[in-house]
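Report on one structure; see the data block that follows.
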Amino acid sequence: MKKVVINPGPCNFITTVTAESEDQMEVTVTVKSGCESIRNMMEELGNTYDAYEVCLTKPGCGLFYEYASEKFPGHASCPAINGIIKCIEAECMLALPKDATITFVEE
């Protein structure tokens, strides 16, 4: 099982994701989020996915991004969807479980 915590910044809607897979292909995802849009997406899309269909696609494409493009409010920089996909990737051995960061630098 892999678990990630996504802190999106100013909205402070923390999202926690766990992913579990026995065969590194079918994955069950549990998402807890302060964001209503994320909660609605997970309720509508369910919790079991083909990891290859979710993770091996072009950036901004796939099930989660297609849903978001139709039903989310306009906020293109929200990292929650990417965090969900990163958790699935790591659990299914499609990527290493390494932290990703965005850091603002004042110069």
Side-chain angles (χ1 to χ4, degrees):
M1 177 184 78
K2 295 292 185 281
K3 181 176 183 177
V4 300
V5 176
I6 305 151
N7 183 339
C11 73
N12 206 32
F13 290 143
I14 304 298
T15 297
T16 303
V17 182
T18 58
E20 295 183 73
S21 178
E22 292 182 14
D23 62 4
Q24 285 75 50
M25 295 177 74
E26 182 177 272
V27 62
T28 300
V29 179
T30 302
V31 176
K32 295 180 181 176
S33 182
C35 176
E36 182 179 8
S37 295
I38 295 291
R39 290 193 312 268
N40 290 342
M41 176 179 72
M42 297 312 296
E43 185 175 316
E44 242 182 272
L45 297 180
N47 68 345
T48 304
Y49 308 97
D50 179 311
Y52 288 80
E53 288 181 13
V54 170
C55 301
L56 301 179
T57 185
K58 294 183 184 263
C61 297
L63 179 68
F64 296 115
Y65 285 109
E66 288 171 11
Y67 178 94
S69 72
E70 292 178 18
K71 300 190 179 185
F72 274 29
H75 189 67
S77 68
C78 177
I81 293 174
N82 184 258
I84 293 167
I85 295 169
K86 295 288 281 178
C87 190
I88 293 169
E89 281 182 333
E91 175 63 14
C92 295
M93 298 183 192
L94 298 172
L96 294 173
K98 293 285 285 177
D99 292 345
T101 62
I102 299 170
T103 305
F104 286 92
V105 178
E106 295 284 329
E107 293 192 28

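Below, all heavy atoms of this structure are taken into account, side chains as well, without hydrogens, waters or symmetry copies.
Both Met42 and Phe72 are assigned to one and the same hydrophobic cluster, defined by single-linkage of ILVMFWY side chains at heavy-atom distances under 4.5 Å. Hydrophobic clustering, with ILVMFWY side chains joined whenever heavy atoms are under 4.5 angstrom apart, groups Leu63 together with Ile38. Cluster annotation: Val4 is not connected to Leu94 through the hydrophobic network of ILVMFWY side chains, with a link wherever side-chain heavy atoms come within less than 4.5 Å.
Contact check for Val31 versus Arg39: no side-chain heavy atoms found under the 4.5 Å cut-off. Two residues are said to be in side-chain contact when any heavy atoms from C-beta on lie closer than 4.5 Å; Ile84 and Met41 meet this criterion. Looking at heavy atoms from C-beta onward, Tyr65 lies in side-chain contact with Ile85 at the 4.5 angstrom threshold. When side chains are defined from C-beta on, Phe64 counts as touching Tyr49, because their heavy atoms get closer than 4.5 Å.
Sequence neighbours left out, not one pair with a member in residues 79-106 passes ring-ring contact (aromatic ring centres under 6.0 Å, His included).
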| said: Set out, in order, the CA-CA distance, both residues' side-chain angles and the distance that settles side-chain contact (heavy atoms from CB on, under 4.5 Å) for Ile88 and Lys86, then state yes or no. | reply: CA-CA 5 Å; Ile88 293 169; Lys86 295 288 281 178; over 6 Å; no
| said: Checking Asn7 against Phe13 for the side-chain contact (heavy atoms from CB on, under 4.5 Å) test, could you report, in this order, the C-alpha distance in whole Å, the side-chain angles of both residues, the deciding distance, and whether it holds? | reply: CA-CA 7 Å; Asn7 183 339; Phe13 290 143; over 6 Å; no
| query | Should Val5 and Ile14 be marked as a side-chain contact (heavy atoms from CB on, under 4.5 Å) after you check the CA-CA gap, both sets of side-chain angles, and the distance that decides it? | reply | CA-CA 7 Å; Val5 176; Ile14 304 298; 3.7 Å; yes
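A side-chain donor-acceptor contact under 3.5 Å links Ser33 to the backbone of Cys35. No donor-acceptor distance shorter than 3.5 angstrom exists from the side chain of Glu26 to the backbone of Asp50, with no hydrogens or angles considered. In this structure a side-chain-to-backbone donor-acceptor pair under 3.5 Å is missing from Gln24 to Met93.
For the side-chain contact (heavy atoms from CB on, under 4.5 Å) test, residues two or more places apart in sequence or in another chain that qualify with Met25 are Asp23, Tyr52. Under the rule for a salt bridge (Lys or Arg N to Asp or Glu O under 4.0 Å), Lys3 has no partner lying at least two apart in sequence or in another chain.
A side chain to side chain contact (heavy atoms under 4.5 Å, CB included) with Val29 is found for exactly one of Val17, Thr48, Thr18, Val54, namely Val17.
Glu22 contributes atom CD, which lies 11.5 Å from atom SG of Cys92 (distance to the nearest 0.5 angstrom).
Ionic pairing of Lys71 and Glu44 is present here: one or more N-O contacts between side-chain nitrogen and carboxylate oxygen are shorter than 4.0 angstrom.
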